[in-house]
Structures are given as C-alpha cells and as structure tokens.
Student: 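Before I ask anything, let me first share the structure, which is written out below as structure tokens.
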Amino acid sequence: MAQQTDIRAGGVSSRPTAHDTSVLDNAVWAALDGPHAHLAERVGRAARYPDDVYAFAALADPRDPAAWADLLTLVGPGTTVRIKPVETVPAGWEIVGGGVGVQLVDTALRAEPAPEAVRLGPDDVPEILDLVARTKPGPFLKRTIALGTYLGIRDQGRLIALAGERLRPPGWTEISAVCTDPAYRGRGLATRLVRAVAAGIRERGDTPFLHAAANNTRAIRLYESIGFTLRRRSPILLVRSPGTSHQGPVL
C-alpha cells in the first residue's frame with residue numbers, strides 16, 4: 001500500500017507549498033490530463049505518453065474497471081506497459097515486474113541559477129543518452145527532452161552533468177534525469193543543476209518535486225539535505241494487457 005506523509009503538518013516545512021499536493025497522488029495522469037495533454041495518447045479515462053517520450057501509462061482512477069478497459073483499448077492486447085500508482089490489476093491483466101518509488105517535494109530548497117549551466121536541446125540528445133546510459137538516473141528516451149527544460153554542465157565541450165523537467169501536474173513540475181559523470185562526482189554539480197532547474201520552475205509559479213527509487217538511499221539523502229521532504233512511497237508496476245499481441249510491445 002502507498003504510504004504518504006502529510007507535508008502540511010506543523011513543523012515539517014519551513015517553506016510550505018501553496019499548491020494542492022493531492023494531484024501528486026496520481027501525477028502521471030494529472031500531467032497527461034493537464035499541462036502535458038498535447039503529448040497524451042488517450043482513450044477515455046486512460047492515457048499514456050508516446051513511447052519515445054516517457055514509458056508510462058496512467059488511469060484517471062486505478063480502482064475503476066472502465067479505466068482499465070480504456071487502457072486495453074489504448075494499448076491493445078498482450079502489450080506490456082509501466083503504470084503507477086497501482087497496487088492491484090483486474091482479472092486478465094498480469095503483473096510482470098515492478099518496484100517501489102518515493103516521491104519528494106520541495107519544502108525548503110534554495111533555488112538559484114547556475115551561471116555555468118547551458119540549456120540543452122534536440123541536438124544534444126545523443127550526448128544526453130550516452131551520459132544517462134553510463135549513470136542510470138532513470139528513463140530518458142529520444143524525445144524525453146520535449147517534456148520541459150533540460151540544463152547541462154560541460155567540461156571542455158563534453159557533457160558531464162544533467163538535470164531537467166519531466167512530469168507537469170497542475171501547479172507542480174518534476175525534476176528528473178539528475179546525473180553526473182562518475183569522474184566528476186563530489187563537486188556539487190548535480191545540486192547546482194537541481195537548484196537551477198528549480199529556479200526556472202518557481203519562476204513560472206510551479207513547485208518542484210521529484211521521484212527516486214526507494215532503494216536509492218544515496219539520492220534520497222542528497223535531496224533531503226538540500227530541502228526536499230519525503231512525501232510518499234508507492235509501487236511502480238510493469239503489467240501486461242489481456243490477450244495475444246499481434247505486434248511488439250508498445251511501451
């Protein structure tokens with residue numbers, strides 16, 4: 001079962017958010033039904049990102065059988081999809097993998113620009129994919145950069161650190177793809193980029209949040225040390241739709 005901390009409780013936050021945290025309970029759906037609706041592939045109460053942008057689907061209400069029926073129509077039979085936050089699946093659907101993630105929200109982060117950071121664009125994607133492959137911060141695909149602003153730090157022209165924006169539920173923006181080349185760790189590059197990305201998020205009136213694998217204790221400690229508060233733990237499932245596929249997996 002998902003575990004949640006009420007960050008609005010007295011004494012927890014020195015910078016309480018002005019935005020409703022409840023939309024973060026189903027952040028992928030809130031983004032696809034809101035600021036990222038232009039990217040959504042959708043049938044009724046089910047939606048997903050294009051498979052080269054972000055490999056997740058979402059349901060308006062994971063407890064609603066009609067939403068699962070819409071998802072089956074959307075992805076087709078025998079298709080494997082990633083989905084969260086879902087704990088159980090209807091008859092006919094199969095759980096084929098998964099894990100546990102944590103969600104943290106900005107409650108006391110010092111956001112500020114990083115003068116050495118440069119904005120990354122489509123031409124930088126091959127370098128980004130190379131850095132992501134070596135550091136494994138989480139999913140980054142050929143068109144993930146379409147989700148928001150990505151900033152990088154270069155050394156002699158070579159990309160050595162990265163952070164950017166991913167999900168955008170109303171009032172919030174997720175900081176994602178935070179990574180540093182192993183040869184440059186320990187210099188605070190990731191922290192500077194997180195602060196810089198957060199500064200841009202705050203400028204448009206959103207509040208930063210982020211996700212991490214529950215077993216990535218090093219990253220969680222770092223995020224908590226710079227002003228994020230752990231809000232929620234929830235499962236991430238890899239599920240297969242009922243029936244037999246006539247083509248390869250969609251996601």
Side-chain angles (χ1 to χ4, degrees), residues 27-28 31 49-56 82 84 97-106 109-168 173-201 208-228 230 233-236 238 251:
V28 180
Y49 285 95
D51 59 5
D52 59 353
V53 174
Y54 184 43
F56 269 89
R82 287 182 176 84
K84 61 181 177 181
V100 178
V102 296
Q103 183 183 83
L104 301 97
V105 297
D106 165 21
L109 177 68
R110 187 180 82 249
E112 58 190 7
E116 72 273 41
V118 296
R119 182 160 183 168
L120 303 174
D123 290 345
D124 300 299
V125 168
E127 276 190 283
I128 295 172
L129 292 173
D130 176 69
L131 182 59
V132 166
R134 289 185 288 110
T135 57
K136 304 189 186 308
F140 191 99
L141 304 168
K142 291 181 179 178
R143 287 204 302 130
T144 298
I145 203 164
L147 295 175
T149 298
Y150 281 81
L151 300 179
I153 294 176
R154 295 183 177 277
D155 181 38
Q156 298 182 356
R158 179 170 174 255
L159 185 65
I160 60 170
L162 166 72
E165 301 173 353
R166 190 165 62 185
L167 295 177
R168 284 193 62 189
T173 300
E174 179 191 20
I175 297 177
S176 182
V178 181
C179 57
T180 302
D181 185 298
Y184 292 84
R185 288 176 181 165
R187 305 184 188 186
L189 301 182
T191 297
R192 294 208 292 275
L193 286 173
V194 168
R195 296 190 194 281
V197 173
I201 292 170
F209 75 109
L210 48 80
H211 291 106
N215 61 2
N216 191 350
T217 55
R218 180 176 176 273
I220 294 169
R221 284 197 300 267
L222 169 64
Y223 296 139
E224 289 180 326
S225 74
I226 63 175
F228 286 88
L230 181 64
R233 294 171 58 95
S234 60
I236 302 168
L238 187 65
L251 293 182

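Excluded from the calculations below are hydrogen atoms, water molecules and symmetry mates; all remaining heavy atoms, backbone and side chain alike, are included.
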Student: Can you spot which of I236, V102, L104, L167 makes a side chain to side chain contact (heavy atoms under 4.5 Å, CB included) with H211?
Tutor: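 Among the candidates, only L167 passes.
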Student: Between A214 and R233, what is the shortest heavy-atom contact and its length?
Tutor: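 That would be CB-NH1, 3.8 Å.
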Student: Can you list the residues that meet the side chain to side chain contact (heavy atoms under 4.5 Å, CB included) rule with L120, with sequence neighbours excluded?
Tutor: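 For L120, the residues satisfying side chain to side chain contact (heavy atoms under 4.5 Å, CB included) (neighbours in sequence not counted) are V118, D124, I128, I145, Y150, R154, L159, L162.
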Student: Please check if the number of heavy atoms outside R134 that lie under 6.0 Å from its CZ is greater than 12.
Tutor: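 Result for CZ/R134: enclosed.
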Student: Quick one: closest heavy-atom pair of V194 and A163, and the distance?
Tutor: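 Looks like N-CB, 4.5 Å.
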Student: Taking C-beta and beyond as the side chain, do I220 and E224 meet within less than 4.5 Å on heavy atoms?
Tutor: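 Yes; the side chains approach each other to less than 4.5 Å.
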Student: According to the side chain to side chain donor-acceptor pair (under 3.5 Å) rule, which pairs have a member within residues 187-196, sequence neighbours left out?
Tutor: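 Every pair satisfying side chain to side chain donor-acceptor pair (under 3.5 Å) with a residue in residues 187-196: E116-R192.
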Student: Any side-chain heavy-atom pair from F56 and R166 closer than 4.5 angstrom?
Tutor: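 A side-chain contact under 4.5 Å is absent here.
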Student: Is any side-chain heavy atom of F140 closer than 4.5 Å to a side-chain heavy atom of L129?
Tutor: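 Result yes, sub-4.5 Å side-chain heavy-atom pair found.
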Student: Closest heavy-atom contact between T135 and C179?
Tutor: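 Smallest interatomic distance, heavy atoms only, reads OG1-CB, 3.2 Å.
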Student: Just one of V178, V132, N216 clears the side chain to side chain contact (heavy atoms under 4.5 Å, CB included) bar with P137, so which one?
Tutor: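 In the set V178, V132, N216, the residue that makes a side chain to side chain contact (heavy atoms under 4.5 Å, CB included) with P137 is V132.
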Student: Distance from F209 atom CZ to L109 atom CG, nearest 0.5 Å?
Tutor: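 Reported value, rounded in 0.5 Å steps: 14.0 Å.
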Student: Between R143 and P50, what is the shortest heavy-atom contact and its length?
Tutor: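 Heavy atoms of R143 and P50 come nearest at NH2-CB, 3.6 Å.
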Student: Look at the side chain of S176 and the backbone N and O of E165, then say whether any donor-acceptor pair between them is shorter than 3.5 Å.
Tutor: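 Flag not set: sc S176 to bb E165 has no pair under 3.5 Å.
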Student: Do F228 and I175 come close enough that some side-chain heavy atom pair is under 4.5 Å?
Tutor: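 The answer is yes; the side chains approach within 4.5 Å.
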Student: Looking at R185 and T180, would you say the former's side chain and the latter's main chain have a donor-acceptor pair under 3.5 Å?
Tutor: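 Yes, the answer is positive, given that a donor and an acceptor are paired below the 3.5 Å cut-off.
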Student: Which heavy-atom pair separates P113 from P115 by the least distance, and what is that distance?
Tutor: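 Closest approach of P113 to P115, heavy atoms only: O-CD, 3.7 Å.
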Student: Determine whether D181 and L131 satisfy the following criterion, side chain to side chain contact (heavy atoms under 4.5 Å, CB included), listing intermediate values before the conclusion.
Tutor: CA-CA 7 Å; D181 185 298; L131 182 59; 4.1 Å; yes
Student: At their closest point, which heavy atom of Q103 faces which heavy atom of A27, and how far apart are they?
Tutor: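 So the minimum-distance heavy-atom pair works out to NE2-CB, 4.5 Å.
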Student: Are any non-hydrogen side-chain atoms of R168 and L147 less than 4.5 angstrom apart?
Tutor: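 No, their side chains stay 4.5 Å or more apart.
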